[in-house]
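As the structure lists them, so they are numbered: ligands from 1, and atoms in each ligand from 1. Fair warning: this is a prediction, and the values are worked out from it, not measured in the lab.
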Amino acid sequence: MKCPSVTSVVLLACGSFNPITNMHLRMFELARDHLEDTGQYRVLIGIISPVGDGYKKKGLIEVSQRQEMARLATENSDWIAVGFWESMQPDWVETVEVIRHYYDTLFETQQESDETDTFEASSPQNRSDGPQVMLLCGADFLESFGVPDLWKEEDIEEIVGDYGLVCITRSGYNPYKFIHKSDVLWKHRRNIHLVHECVTNDISATHMRRALRRGQSSGNLLPDAVVSYIQQNNLYSAESEQKNGDVVLEPLQRNSGDTRAEGFTAAAARTEVLADVRVSSCPPSDCAVFDFDRIKYGVS
Ligand SMILES: Nc1ncnc2c1ncn2[C@@H]1O[C@H](COP(=O)(O)OP(=O)(O)OP(=O)(O)O)[C@@H](O)[C@H]1O
Ligand SMILES: NC(=O)c1ccc[n+]([C@@H]2O[C@H](COP(=O)(O)O)[C@@H](O)[C@H]2O)c1
Ligand SMILES: [Zn+2]
């Protein structure tokens, strides 16, 4: 019997990581288990890429500190590491460019190790050799594709069409419904791996920052080394939470040309509406696999 080929995968998670939480680390484990369970993939490494300060998100502390926390959180992992390239760029970098960067770097490495030197540059979807870079995210990230002026259509098309996405469900979001309603996501649904997080939780960096600035415990939801680093450097306060408070998020500014704070407020309000799609329904019973063609989930 012919052995089905196994694709090597690099998982890339882009985000603020302000600070990194245990859920961020769990996200990688859930994604790896899910992909490897299919028998079609082998996950080689996971990369955490903290966004640069130029992203200008409210309450975003310096990237050197977010990086250090991510480094501490992953120092004992044998497969998850921090990617520094994104934050070393002078300006905020579109996510698709970060993915391209890691894809190109891996491709070059593969090329160098190839003796025959017969490789030709080809687009990711046409390449059967070498590892595939997949974007790893939570359902809120996926649903942010629907926020006007936040993402370029062509970037979404490239991310899901050429590279692929692994999305972890998150309380308050319904990625099944979101994909069903989006033409581009539906078209590329086979490249979107939805992983159902069976342990319902509402862990977020926002909750952690709130607890920390109020002097409360992080309730074991942050790695110990990260808690110590935060305490030693007195990182989260009412003041740090106000950082970028009156600035427009860089992607919105870039895509809409709007530098006014009201522009951001309007977009933030749209985000709220999006989050309102909140449907608690998860895939019926199967926690690991969701087959769009097999399961009907009553979307209007
Ligand atoms: N509890 C969670 N469940 C699923 N995905 C999550 C969870 N927490 C974070 N993620 C994902 O981790 C990635 C990085 O997210 P991010 O740094 O924004 O963390 P966050 O907890 O959402 O922080 P914040 O509250 O500041 O937005 C995103 O893709 C996000 O969707
Ligand atoms: N157009 C884009 O490429 C685009 C838009 C918004 C956010 N992002 C990225 O998504 C991530 C979002 O992080 P947060 O969920 O912490 O805001 C960041 O890495 C950011 O750079 C990319
Ligand atoms: Zn977030």
Side-chain angles (χ1 to χ4, degrees), residues 11-31 46-61 63 66-67 69-70 73 83 85-87 89 91-101 134-160 163 165-173 175 178 194-212 218 221-222 236 240-241 243-244 248-256 264 267-268 271 275 282:
L11 290 171
L12 171 69
C14 292
S16 299
F17 303 102
N18 184 33
I20 189 163
T21 69
N22 288 337
M23 190 56 213
H24 291 132
L25 301 172
R26 180 170 162 78
M27 200 166 78
F28 277 94
E29 303 291 343
L30 290 169
I47 302 172
I48 294 173
S49 184
V51 71
D53 296 337
Y55 183 44
K56 302 190 188 126
K57 187 172 175 174
K58 185 170 177 284
L60 194 66
I61 67 163
V63 73
R66 289 179 285 116
Q67 258 168 1
M69 290 188 279
W85 179 84
E86 182 177 358
S87 59
Q89 306 315 303
D91 301 310
W92 172 73
V93 185
E94 263 117 7
T95 296
V96 73
E97 216 179 300
V98 183
I99 305 174
R100 280 187 211 134
H101 165 78
M134 288 191 196
L135 185 67
L136 170 63
C137 68
D140 58 308
F141 186 112
L142 181 80
E143 293 198 19
S144 82
F145 286 174
V147 177
D149 293 331
L150 195 59
W151 296 83
K152 292 194 201 111
E153 285 302 315
E154 61 267 31
D155 286 6
I156 298 174
E157 177 90 42
E158 187 175 337
I159 291 171
V160 290
Y163 295 97
L165 197 93
V166 184
C167 175
I168 314 289
T169 59
R170 189 168 188 175
S171 143
Y173 296 87
F178 190 74
L194 282 178
V195 184
H196 181 59
E197 164 57 300
C198 300
V199 182
T200 311
N201 73 75
D202 199 12
I203 304 174
S204 76
T206 302
H207 290 168
M208 294 299 99
R209 292 196 305 279
R210 189 180 298 124
L212 291 162
S218 62
L221 300 175
L222 299 178
Y236 293 105
S240 70
E241 196 61 24
K243 202 173 158 200
N244 298 324
V248 182
L249 200 69
E250 182 61 19
L252 292 173
Q253 214 177 110
R254 232 179 250 188
N255 296 333
S256 69
F264 176 59
T271 315
C282 280

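Within 4.0 Å of ligand 1, protein heavy atoms come from Ser16, Phe17, Met23, His24, Met27, Lys57, Cys137, Gly138, Asp140, Phe141, Thr169, Arg170, Asn201, Ile203, Ser204, Ala205, Thr206, Arg209. A distance limit of 4.0 angstrom between heavy atoms and ligand 2 selects the residues Cys14, Gly15, Ser16, Val51, Tyr55, Lys57, Trp92, Glu94, Thr95, Phe141, Leu150, Trp151, Pro251.
In this structure a side-chain-to-backbone donor-acceptor pair under 3.5 Å is present from Arg170 to Ile203. Under the 3.5 Å distance criterion, the side-chain polar atoms of Glu197 are matched with a main-chain donor or acceptor of Val199. Between the side chain of His207 and the backbone N or O of Asp202, at least one donor-acceptor pair lies under 3.5 Å.
The two residues Tyr236 and Met69 make their nearest non-hydrogen contact at OH-CE, 3.4 Å. Closest non-hydrogen pair, Pro175 versus Leu142, comes out as CB-CD2, 3.8 Å. Summarising the geometry of Asn201 relative to Met23, their closest heavy-atom pair is ND2-SD, 3.5 Å, with the distance given to 0.1 Å.
For the residue pair Trp151/Ser144, the side-chain donor-acceptor check at 3.5 Å is satisfied.
Ile168 has its side chain within reach of Leu136: a pair of non-hydrogen atoms, C-beta onward, lies under 4.5 Å apart.
The aromatic rings of Phe17 and His24 sit perpendicular, their planes meeting at an angle over 60°, well past the 30° parallel limit.
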